[in-house]
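See structure below.
Bear in mind the structure is a predicted one, so any value in this text is a computation, not a measurement.
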Amino acid sequence: MSDVVVVESPAKAKTIEKYLGRDFTVLASFGHVRDLEEKDGAVLPDQDFAMVWGKDGRGEAQVSKIATALKGAKRLWLATDPDREGEAISWHVKDMLGQRGALRGKDVQRITFNEITKRAVQYAVAHPRELDVPLIDAYLARRALDYLVGYTLSPLLWRKLPGSRSAGRVQSVALRLISDREAEIEAFKAREYWTIEGKFQTPAGAPFTARMTHLDGKKLDQFDLHEAGSANRAKAAAEAATYAVASVEKKRTRRNPPPPFMTSTLQMEASRKLGMGAQQAMRTAQALYEAGHITYMRTDGVTMAREAIAAIRDHVKDAFGPDYMPATPREYQSKQKNAQEAHEAIRPTDVTRTPEAMARELDGAQARLYELIWKRAVASQMSSAELDQTAVDIASADGKIHFRATGSVVAFDGFLKLYREDEDDRAADARAGIAPAAGAAEDDDSRILPPMAERDPLKRGAITASQHFTQPPPRFSEASLVKRLEELGIGRPSTYASILQRLQDLKYVTLEKRRFIAQDLGRMVTTFLVRFFDKYVDTGFTSSMEEKLDEISAGQTDWRAVMRAFWSEFSAAVEATRDLKIRDVIDALDEDLGPHMFPARADGTDPRVCPTCGNGRLGLRLGRTGAFIGCSNYPECRYTRPFGVDSGEGEGAAPAEQELGTDPVTGQAVTMKRGPYGFYIQLGEPGTDAKGKPTKPRRTSLPNGVTPDIVTLDQALGLLSLPRAIGFDPETGEEITAGLGRFGPYVRCGTVFKSLDKDDDVLTVGMNRALVLLADARARVRELGVHPKDKEPVSVRKGRFGPYAQHGKTVANLPRDVAMEDITLEDAVALLAEKGKALKPRGPAGRKAAAPKAAAKKAANGEAPARKAPAAKAPARKAAAKKAPTKPKSPAKAKAPAKAKPAGKSAR
C-alpha cells in the first residue's frame, strides 16, 4: 500500500519517485489545478470576497488520478513548490479531493524542499508540517486584488478607450514606468559640453593621458566649456604651459563579491551576460531545478545552507588555494524592499558538479545558465579582490591649469578570478550593436599608469578638445526594469517575467535591441489610467499593497480586512467615472499626449495645423479600431493619419501612398500604400478581366522590422514574387522555398515550416541557413506515412501541450504514456479516426440530426454547417441561471467583450 505524493511537474515526479522508492506513488498536478472563473463575478465583494473557482478539464483529470491512487493509500503528501503559489496549489488539491470524499481516513501532510536531492527529499518526509494558512490567505488576497483590478479596469478601458486591451494591478505600473521613461526621453534637451585631454610623457618616456580639471585656477564644472570657442581658448592655454607632477595618491581598496543569485538578480545577469529574456531564464532555471541541479529558483533570499557554504569553501580551497578562501564564511542579507528570507538563494545542489563536468549533460542554454549560477555561488564565498588605485595630479608651472590621470591595478584578483558582475547594460548594448554614449567614462580598472613621483617634470604631447552632448536617460532593458521594480517593492520576483511578456503580447511595448519602447497604444492607456486612476498606478500605492500582502503571509493582518479597505476606495473611484464621456477622455488624452503627438518643429511652424486644408486643427480622435489623428474641419476636411508622433509630413515621414517604380516584366506600377493594418506593396491597380469580372491587384505586407521609408523597388518586387525557391533538400529532394505568411517570414520544405529569426531576411536567406532552420523544425515533426484512405501525409508533432498526430486539419493528442518516437502509422490513424467521430455534429437529444445530406454537401464545399444546435440549449442556460437568484452584481457592472481577455488571470 503506497503513500501518494503530489508535486507540480512530471519531471520532478520522476526524480522524486526514484529517491523515495516503491512505497510511494508520485503524481504531478501539472501546475494549478483550478483558478477563478474567467468571467465577471468570480470574486464577490458583497459576500466578503467569496471566490468562485472554475473547473479546468486538465486539473479535474489530474485530481481524479490522485483520488484513484489514494483509494489504497494511508497518507497524502503535498510536496508542491516551497512558495506562495506552491502552497496554494496544495490547498487547491486538498480542497478538491475533500469535495470528492477522497480524504476520508487519510493522513494529509505538507512537505517542502529547496532542492531535489535524495537527502533533501528524505529529510522533508521526516519533517512534515500542516498547510501554511497565512501564506494561503496571502495568495487569496493577491488573486482577488489582481482579479478585481483586471476585471474592473479592463472593461472600463474597452468602453471609454476603444482599441485598448487590458489593465492590471502590477502590469499597469510597469507600463507606466516604461511610458514615463519614453516621455523623459522626448522632453530631453541635449546640452553641449567640451573636455580637454592631454598626452604626457614621464621622465622615463612612458606615455599616458590626463584630463583637464582646473583652468585659470578654478575647478571646471561639466558645462564650463560649453561651446567650441571656450574649448579652443582652454586648449590654447594648455598648449602654452609646461607641466610637472603635483601629487601622486595611492591607496589599496577592497572589492567584495556579490551575493548568490535570487530570482531578480538571476534574471538581470542572464539578460546582461547571456542575452536571455526573463521568461527564458526562468524556464531554463525551472528545468535545472527539476533535474536536481540547482535549488529552487523563485526566491528573494540570499542566504545559503551552512552545509552548502562549507562545501563551497572546501571547493574554493582545493581549486584555487587557501588565499582565495576568506577566514570566515560570508553571510548575506537581502537589500530588497519587502524581501522574504524564508528560502535559500539559487545555488548548485552539488558544488563538485562543475560547469565543465555538466557540459555534456545539459543543452546549450541550460549549460550557460548553470555556469552562471555555479560561478556566482562559488564566488560569493571567495576572498575579496584588492586593487591599487592611483591618482596623479598634474599642474602647470603657474599652477593655474591642472590635469588629472587615474588608474588602478589588481593587486590580488580574489573572486574576480572566477566571476565579474561589472558587465552591465553597456556591455549588453555592445552585444546588441548599440553605440556607447559620447563621453562615456572609461573603465579605470583596465588602465595602468606608469611610475611617477611628485615634482617629476613631464613632456607635453598633443592637447585635444572633444565635443560631447548630454544623453537622455536610457530606455529600460529587461535587467534594468526588473531592478527598478525590485527597488520600488512592486510585484514579486517570480512574476516579473510574465508581466514583461504580457506587456509585449498586448502590443503596449516592444523590445528592440534589448530595450523596451512604449508604443502609442501603451502611452494612451497609461495616460488614461494616470488621469483617472492615478492612485492605482502609483508606485508608492502598489508597493504599500505588496507590504500588506507580506503582512498577511506573516499572519499579522486579516486578508479580508485588507480587501475591504481596498475595495471601498477603488469601487468609489470606478463609480466616479460612470458619467465620463468618450469626448472627455479624448480631450484629456489630447491635452496630455499633445507634446508627444505634435512635437515642436525646428522651423517654428505649428505642428497641429492640418496639412490638407491649412486652417483646421489636428487632434486625437477615437474610432472603432482605436485612436487616430484627424482634422477639426471634418467632414469638410477628411485628413487623417495614424495615432503617433508627427514627423512633419514631408520631413522623412512615409506618405500614405508612394510610387516606387515600374515592374519591368508587366509594366505595371509598383506602389507602397498605407492600409488599416499597416503598409503594403501593390502591383498595378484594380481592373476587370475579359469577362468583365473585377480583378484584384497583387499585394503583400511589409515584414516586421522593415520600415516604409527604406523600401526600394527591388525589395518591393522581391516581396511581391514570394514565395521564392531556394533550392532542393539534399536528403529528400523536395523543394525549399521562402515566403511570407500571416505569422511572418518562413522557410518551407514539403509539409515542414519554420519561421525565420528576426535577423534573417526572407529575400536573401540561403540554402545553408534554411537547412539549419528546417533541421530544427524537423526535430519537432516525425512523418509516419500516408493515410490509407486519401493518401495524404500523416505526421506526429511536438506541440505546446504535448505530442499530437495530424492528418490534414484533423489533430489528435497522443496518450500521455506514448512517446512520439514510438507511435506507428496504424496507431495514429486509429487515434485520428476516434477524434473524427468525436467531432461529428449531432442533432439535439431525442431528435434526428437535421438535413444530414445538406450538411455533408456544405462540408464538402468548405462551408460552415448551420449553427442551430446551440440555440436549442438556450433554455437550459436560462434555467440554470434561475438557480442562483441571490447572486450579487459583478463589481465591474459590465460584461467584457467575448473576443478580449482582461488581465485578471495571468497578468497582474
Looking only at heavy atoms, which two atoms of [X] and [Y] are closest? And how far apart?
{"X": "E8", "Y": "G86", "answer": "OE2-CA, 3.6 Å"}
{"X": "S29", "Y": "I89", "answer": "OG-CG2, 3.8 Å"}
{"X": "P82", "Y": "T112", "answer": "CB-CB, 3.9 Å"}
{"X": "P348", "Y": "W374", "answer": "CG-CD1, 3.7 Å"}
{"X": "A379", "Y": "P257", "answer": "O-CB, 3.2 Å"}
{"X": "M276", "Y": "A365", "answer": "CE-O, 3.5 Å"}

Would you compute the distance between atom [atom1] of [X] and atom [atom2] of [Y] and round it to the nearest 0.5 angstrom?
{"X": "R347", "Y": "F261", "atom1": "CZ", "atom2": "CZ", "value": "15.0 Å"}
{"X": "S264", "Y": "R298", "atom1": "OG", "atom2": "CZ", "value": "13.5 Å"}
{"X": "E356", "Y": "M358", "atom1": "CD", "atom2": "CE", "value": "11.5 Å"}
{"X": "K375", "Y": "L418", "atom1": "NZ", "atom2": "CG", "value": "6.0 Å"}
{"X": "L503", "Y": "L175", "atom1": "CG", "atom2": "CG", "value": "5.5 Å"}
{"X": "I136", "Y": "W559", "atom1": "CD1", "atom2": "CH2", "value": "12.0 Å"}

**Q.** Step-by-step side chain to side chain contact (heavy atoms under 4.5 Å, CB included) determination, V108 to L131
**A.** CA-CA 9 Å; V108 181; L131 283 171; over 6 Å; no
query: With the threshold set at 4.0 Å, does a side-chain nitrogen-carboxylate oxygen contact exist between R306 and E331?
result: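 Between E331 and R306 there is a salt bridge, with a charged N closer than 4.0 Å to a carboxylate O.
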May I ask you to decide whether E487 forms a salt bridge with R484, counting only side-chain N to carboxylate O separations under 4.0 Å? yes
When you compare the side chain of [Y] with that of [X], does any pair of heavy atoms fall below 4.5 Å?
{"X": "M96", "Y": "W53", "answer": "no"}
{"X": "Y19", "Y": "I116", "answer": "yes"}
{"X": "Y139", "Y": "E85", "answer": "yes"}
{"X": "V302", "Y": "T265", "answer": "no"}
{"X": "P326", "Y": "S383", "answer": "yes"}
{"X": "Y419", "Y": "S380", "answer": "no"}
{"X": "Y496", "Y": "E478", "answer": "no"}
{"X": "F113", "Y": "I16", "answer": "yes"}

Pair Y370, E361: side-chain N/O donor-acceptor within cut-off below 3.5 Å |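 Judged by distance alone, the side chains do not pair up.
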| query | For residues S384 and R330, is any side-chain donor paired with an opposing acceptor at under 3.5 Å? | reply |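 On atom types as modelled, these side chains qualify, holding a pair under 3.5 Å.
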Any donor-acceptor pair under 3.5 Å linking the side chain of [X] with the backbone of [Y]?
{"X": "T299", "Y": "I346", "value": "no"}
{"X": "T349", "Y": "H293", "value": "yes"}
{"X": "E87", "Y": "D132", "value": "yes"}
{"X": "R169", "Y": "Y147", "value": "no"}
{"X": "E371", "Y": "P355", "value": "no"}
{"X": "R75", "Y": "D107", "value": "no"}
{"X": "R58", "Y": "F30", "value": "yes"}
{"X": "K548", "Y": "V562", "value": "no"}
{"X": "Q62", "Y": "A28", "value": "yes"}
{"X": "Q171", "Y": "I499", "value": "no"}

Tell me, with the steps shown, if V4 and W77 meet side chain to side chain contact (heavy atoms under 4.5 Å, CB included). CA-CA 6 Å; V4 176; W77 302 90; over 6 Å; no
Applied to residues 271-290, the ring pair (Phe, Tyr, Trp, His ring centres under 6.0 Å) test, sequence neighbours excluded, yields Y289-Y296
Quiz prompt | Residues L177, L485; criterion side chain to side chain contact (heavy atoms under 4.5 Å, CB included); working and verdict | solution = CA-CA 9 Å; L177 290 174; L485 290 169; 3.7 Å; yes
Atom NZ of K106: over 12 foreign heavy atoms under 6.0 Å
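Yes, the 6.0 Å shell around NZ holds more than 12 heavy atoms from other groups.
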Problem - More than 12 heavy atoms of other groups within 6.0 Å of Q556 CD - result: yes
In short, side-chain hydrogen bond (donor to acceptor under 3.5 Å, both in side chains) pairs touching residues 314-327 with sequence neighbours left out are Y324-D413
_Of K251, R252, K250, the residue whose pairing with D388 passes side chain to side chain donor-acceptor pair (under 3.5 Å)_ =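 Single pass found, and it is R252.
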Review point. Is it the case that R84 places NZ or CZ above or below the six-membered ring of W91, under 6.0 angstrom from the centre and within 45 degrees of the axis?
Key: no
Report the C-alpha separation of S543 and L488 in whole Å, then their side-chain angles, then the decisive distance to 0.1 Å, and conclude whether the side chain to side chain contact (heavy atoms under 4.5 Å, CB included) test is met.
CA-CA 6 Å; S543 175; L488 294 170; 5.5 Å; no
